[in-house]
K.L.:
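Before we start, here is the structure in question, set down as structure tokens.
Computed from a prediction, not measured in an experiment: that's the story for all the values here.
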Amino acid sequence: MELNEIKNYLRINHNVDDCFLENLSVFAEKFIEEQTGVQYCNNDEIYKMALLQVIAHFYDKREAVSEKTNIVVPYTMDCLIKHIGIRGAINNE
């Protein structure tokens, strides 16, 4: 995903966090791919929205300490990721 798309979604108009956002983009792709078995495709709008939500979540939630070791994701992000996985499983049949 292009950095300018991410920055537009997050309403960021500075370059301070560009490297961090690029790293989050790579992380988000791997995060969704490993949960769903579906690789990112540039023209998949549902996958793109899921990527943006994962990036936004982890951009806003940078705490180094957590009470639990599990990653907790918001309901909307979880729904998108599950949808990608189900759709991927159906397409692979």
Side-chain angles (χ1 to χ4, degrees):
M1 173 169 282
E2 297 292 323
L3 180 60
N4 64 339
E5 290 179 276
I6 297 167
K7 290 173 77 170
N8 284 337
Y9 182 77
L10 295 174
R11 298 182 178 156
I12 296 174
N13 59 5
H14 58 76
N15 298 330
V16 175
D17 291 330
D18 284 2
C19 185
F20 181 56
L21 291 170
E22 289 170 344
N23 289 335
L24 283 177
S25 180
V26 171
F27 163 78
E29 278 189 45
K30 294 291 183 193
F31 181 77
I32 295 172
E33 183 179 329
E34 289 174 5
Q35 288 197 16
T36 64
V38 178
Q39 290 184 331
Y40 176 60
C41 175
N42 286 331
N43 60 357
D44 186 336
E45 295 301 318
I46 292 172
Y47 207 120
K48 188 180 287 189
M49 180 53 66
L51 281 173
L52 288 169
Q53 288 197 11
V54 170
I55 292 166
H57 175 74
F58 286 101
Y59 181 78
D60 290 337
K61 311 286 187 233
R62 301 188 215 185
E63 297 88 20
V65 179
S66 174
E67 292 180 18
K68 298 181 180 181
T69 58
N70 297 332
I71 295 175
V72 177
V73 296
Y75 178 74
T76 53
M77 186 189 331
D78 188 52
C79 286
L80 287 169
I81 292 169
K82 284 180 181 173
H83 175 78
I84 292 166
I86 291 167
R87 185 186 61 191
I90 291 170
N91 290 339
N92 290 329
E93 290 180 354

K.L.:
Rounded to the nearest 0.5 Å, what separates atom CD in Q39 from atom OH in Y47?
P.N.:
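Q39 atom CD to Y47 atom OH measures 8.0 Å (nearest 0.5 Å).
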K.L.:
Would you call the rings of Y59 and F20 parallel, tilted or perpendicular if under 30° counts as parallel and over 60° as perpendicular?
P.N.:
tilted
K.L.:
Enter the distance from C19:SG to L24:CG here, rounded to the nearest 0.5 Å.
P.N.:
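CG of L24 is found 10.0 Å from SG of C19.
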K.L.:
Could you report the tightest heavy-atom contact between I81 and T36, atom names first, then the distance?
P.N.:
O-CG2, 3.1 Å
K.L.:
Determine, step by step, whether I32 and V38 satisfy the side-chain contact (heavy atoms from CB on, under 4.5 Å) criterion, reporting the C-alpha distance in whole Å, the side-chain angles of both residues, the deciding distance to 0.1 Å, and the verdict.
P.N.:
CA-CA 8 Å; I32 295 172; V38 178; over 6 Å; no
K.L.:
Under the side-chain hydrogen bond (donor to acceptor under 3.5 Å, both in side chains) definition, can you give me all pairs with a residue in residues 19-33, not counting sequence neighbours?
P.N.:
none
K.L.:
Could you list all the side-chain hydrogen bond (donor to acceptor under 3.5 Å, both in side chains) pairs where at least one residue sits in residues 3-14, not counting sequence neighbours?
P.N.:
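Sorted pair list: E5-K48, K7-N15, K7-D18.
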K.L.:
So, do L10 and L21 sit near enough that their side-chain heavy atoms are less than 4.5 Å apart?
P.N.:
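With C-beta onward as the side chain, the pair touches.
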K.L.:
How many angstroms lie between atom CE of M49 and atom CG of D44, to the nearest 0.5 angstrom?
P.N.:
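M49 CE to D44 CG: 11.5 Å, rounded to 0.5 Å.
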